[in-house]
Q: 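For reference, the structure I am asking about is given below.
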Amino acid sequence: MTGARQPRRYSAGPGSGARLRAFGLVTPLLLFVGVTFIAPLVTMLVRSVHDPVVADALPETVSLLHDWNGEGLPPEPVYAAAARELNQAREDRTLGQVAGRVNRVQSGMRSVFTRTARALEDIEAGPWRDVFSGINEAWNDPATWHAIKSTGQRFTARHYLNAVDMQRLPDGSVTRQPEERRIYLRLFWRTLLVSSAITFLCLLLGYPIAHLIAQAPPRRANLLLVLVLVPFWTSLLVRTTAWIVLLQTQGVINDLLVTLGLIGDDGRLAMIYNMTGTIVAMTHVLLPFMVLPLYSVMRTIPRDHMNAAASLGATPRQAFLRVYWPQSLPGVGAGSLLVFILAIGFYITPALVGGSDGQLISGMIAYHMQTSLNWGLAGALGGVLLLGVLVLYVLYDRLVGVERMGLS
Amino acid sequence: MTEGIHVEFDGVSKSYDGRTLVVEDLNLRIRTGEFVTLLGPSGSGKTTILMMLAGFQAPTAGEIRLEGRPIQNLPARKRGIGMVFQNYALFPHMTVGGNLAFPLEVRGLAPDECRERVDRALRLVRLEGFADRRPGQLSGGQQQRVAIARALVFEPSLVLMDEPLGALDRSLREEMQYEIRRIHQTLGVTVVYVTHDQQEAMVMSDRIAVLRGGVVEQIAAPEGLYEEPERAFVASFIGENNRLHGRVTRLLDGDVCEVETGGERVRALRVVECAEGDEVTLSIRPERIAIDPEEGRYTNEVTAVVVDMTFLGDHLRIRLSACGRRDFIVTIPNVLGHGGLLVGDTVRLGWTVSDCRALNHERGTE
């Protein structure tokens, strides 16, 4: 009896050995995520605020400019330092990069820098202010020096200001960009609107499908799910180009409409390489992301709820609005959030079928990454986008509650 | 003719696939204020009958009338029938009060009136003060009460219940059985109740319709079903009985016949129409059999050997070998202990003619 009365020993969960082994198993994943996701993200975000090129190439000029009060032209020592360091930069072959950076703040600077550096090669002594003004008129403009001073900062909010169509004036105040240079906020706004429209369309198209699948007997439900997933398994490129085939001016739909006599041959509709193309193709591409969470939530709504509502005297409309719809809301939230966040950063489809006015912010980020090579601005645009998504997520969490979201 | 008749099934049949009938030629009349239970094993069509009455399924043939009016073309929401579902079907996103107010709100009642009626319904099921809870915060029994209150709150004259107590544990089930009975007696509504639990049916019902394979085998008050089963299936489904397979050897006066079973000749009440030589099933309740009775007291007497005995608290269950069977059951109340019986004893068994009913022969029951 005494033996039976002793407290039973329970194992206190996995021991430290097992825990170590478990950690070892997830280490490759952690490394993978670190290398392919976190590291690039951090790099881009750092680049958006950190730019040492000018400060490294013209250290003395920048530090002397730092002490300059900003009124009129800078004193002679600044010119002397600039002459020495521009020469050095030319020899180090970093002049191009420096000129490019300054050029972004003050256009026309690229040629001024290269020409000045080449001219300085043969000049031994000052007074440097006269030498500079002799080489190029631009050096008599305080704006040039302000540009060097501003790009000489290692850490800068310039890219972020730029990304939201703001600029810092030489006196340090922040104002909006001149009218013709305000492009990013409009693009962000357009991206937001288009993503909302796509989310709404996906909901409109996906809700009945998800409902149909959730109500169907198991075998048919599986078949329907496969049909939803087939596009999912098809290459994004194939799906997008399929829309080109369908929607282009000489495409299937236009041909059909002309054959039916609904439109004249000269009145073919422009349905692609514009916003329409972007919306149609993206709605199609993102539809499964709406259907799947909706389906997983709808499947859990007991079938007899609609019968119960009917027996209690509700019309089908009332039963849907007051019994079915509220219970499907977690799925609506999950699907919408998923589609919206994917749409906001979508690149391939708008790039292929968006033409010029169907571009979203992603296209601009790609442009700064690949063409203008202004990675700082690309990083800042990406940072703003990331912040926007996070804000939306937090808002959603406050309003609906993420734990209520039917993703699982 | 329809005076006092609330629900009437007239030749109602239902088939899902067009070939097999789930319900076959159902004729059933339920009086106003009556508590009728549809009792049967799964697949007997009892839920289908309820669904047709509620309006979720349409009969393939026949007519259902509510207070004399055919309701085929009346959608469920206009039938004004309260329904309690098997899994309650409470709306989880609404509070208890919201669930109860739902049928009132869709009828366009004023908020004050809604609140008053909801309170009254909650009092009826003894859940005062639960209006602001969510169904998920309630126990199974409380959810059940809410489901009943919701089916009653819009004051229907007919309430349907589809195995409402199936998900509850045993003691709660018994409590709820009396609760439902009390509510029925308080409100005087007509109740059609579906269950596969014969005891549940016995406790609550005015009349029980025993169903099998879509056909009503017998409809009667609980006592009637137990004491005077008309079909072998009913006899075995309601309570325990000894079923003896035999052949009629002689027809006697007063609806009595002589049946030869397992080498014994016994006299039985002729419930089924039969002639000499017909096969019948004899049904004898185990508690109606006397062990070692006075000589000549019972018409039927056979000898038996005790095979084993089980003590079940309030009664003893004795298995004997008799009439050619080794599973002849006799139960005796635990008044005198086991009465000195031992396994292997040879005893005489006796029973009256009226406790031995000759019913239709059931194939495959031997």
Side-chain angles (χ1 to χ4, degrees), chain A residues 203 207 210-212 214-221 293-336 396-408, chain B residues 16 47 50-57 74-95 98-109 114 121 134-136 143 146-156 158-164 167 192:
Chain A
L203 184 61
Y207 200 91
H211 179 72
L212 186 73
Q215 296 297 311
R219 278 189 58 189
R220 202 182 318 152
L294 271 177
Y295 164 69
S296 81
V297 168
M298 286 177 176
R299 212 182 33 177
T300 64
I301 303 175
R303 281 160 197 242
D304 54 7
H305 277 193
M306 290 304 268
N307 276 349
S311 84
L312 295 171
T315 61
R317 206 181 118 86
Q318 285 170 321
F320 173 77
L321 286 179
R322 297 202 45 192
V323 177
Y324 198 84
W325 170 255
Q327 292 194 69
S328 68
L329 272 183
V332 172
S336 300
Y396 180 89
D397 188 29
R398 284 282 162 81
L399 294 176
V400 187
V402 171
E403 73 282 355
R404 276 194 61 204
M405 191 156 66
L407 278 178
S408 51
Chain B
Y16 289 110
T47 296
L50 210 63
M51 291 297 155
M52 288 193 287
L53 184 50
F56 304 137
Q57 265 152 29
L74 211 58
R77 69 190 151 90
K78 288 188 179 161
R79 294 192 182 185
I81 298 175
M83 175 130 185
V84 180
F85 289 81
Q86 202 162 1
N87 298 311
Y88 318 143
L90 296 176
F91 306 138
H93 58 292
M94 298 181 192
T95 60
N99 267 282
L100 262 58
F102 182 81
L104 306 175
E105 285 164 8
V106 297
R107 284 175 171 75
L109 260 68
C114 281
R134 299 243 169 201
Q143 290 185 26
V146 175
I148 292 170
R150 190 178 65 176
L152 293 168
V153 72
F154 58 99
E155 293 171 6
L158 174 62
V159 177
L160 314 182
M161 301 191 184
D162 184 11
E163 305 220 15
V192 182

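Owing to the predicted nature of the structure, the values given are computational and were not obtained by experimental measurement. Chain naming here is simple, since letters A, B, ... match the order of the sequence lines and numbering starts at 1 in each.
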Q: Supply the atom-to-atom distance B/Leu100 CG to B/Thr95 OG1, rounded to the nearest 0.5 angstrom.
A: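 One gets 9.0 Å once the value is rounded to the nearest 0.5 Å.
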Q: When heavy-atom pairs shorter than 4.5 Å are enumerated against chain B, which of A/Asp304, A/Asn307, A/Ile301 gives the highest number?
A: A/Asn307
Q: Within this structure, what is the CG-CZ distance for the pair B/Leu160 and B/Phe56, rounded to the nearest 0.5 Å?
A: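 The CZ atom of B/Phe56 is 8.5 Å from CG of B/Leu160, to the nearest 0.5 Å.
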Q: Answer with side chain, backbone, both or neither: which region of A/Arg322 has an atom nearer than 4.5 Å to a non-hydrogen atom of chain B?
A: both
Q: When heavy-atom pairs shorter than 4.5 Å are enumerated against chain A, which of B/Glu105, B/Met51, B/Arg77, B/Gln86 gives the highest number?
A: B/Arg77
Q: Would you please test A/Tyr207 and A/Ser328 for side chain to side chain donor-acceptor pair (under 3.5 Å) and show each step?
A: CA-CA 9 Å; A/Tyr207 200 91; A/Ser328 68; 2.5 Å; yes
Q: If you measure from CD on B/Gln143 to CZ on B/Arg134, what distance do you get to the nearest 0.5 Å?
A: 13.5 Å
Q: With a 4.5 angstrom heavy-atom cut-off, could you sort out which part of B/Leu104 is near chain A: side chain, backbone, both or neither?
A: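 Answer is neither: B/Leu104 stays 4.5 Å or more from chain A.
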Q: Classify the side-chain pair A/His211/A/Tyr324 by whether it contains a donor and acceptor separated by less than 3.5 Å.
A: yes
Q: What part of B/Arg107 lies closer than 4.5 angstrom to a heavy atom of chain A: side chain, backbone, both or neither?
A: side chain
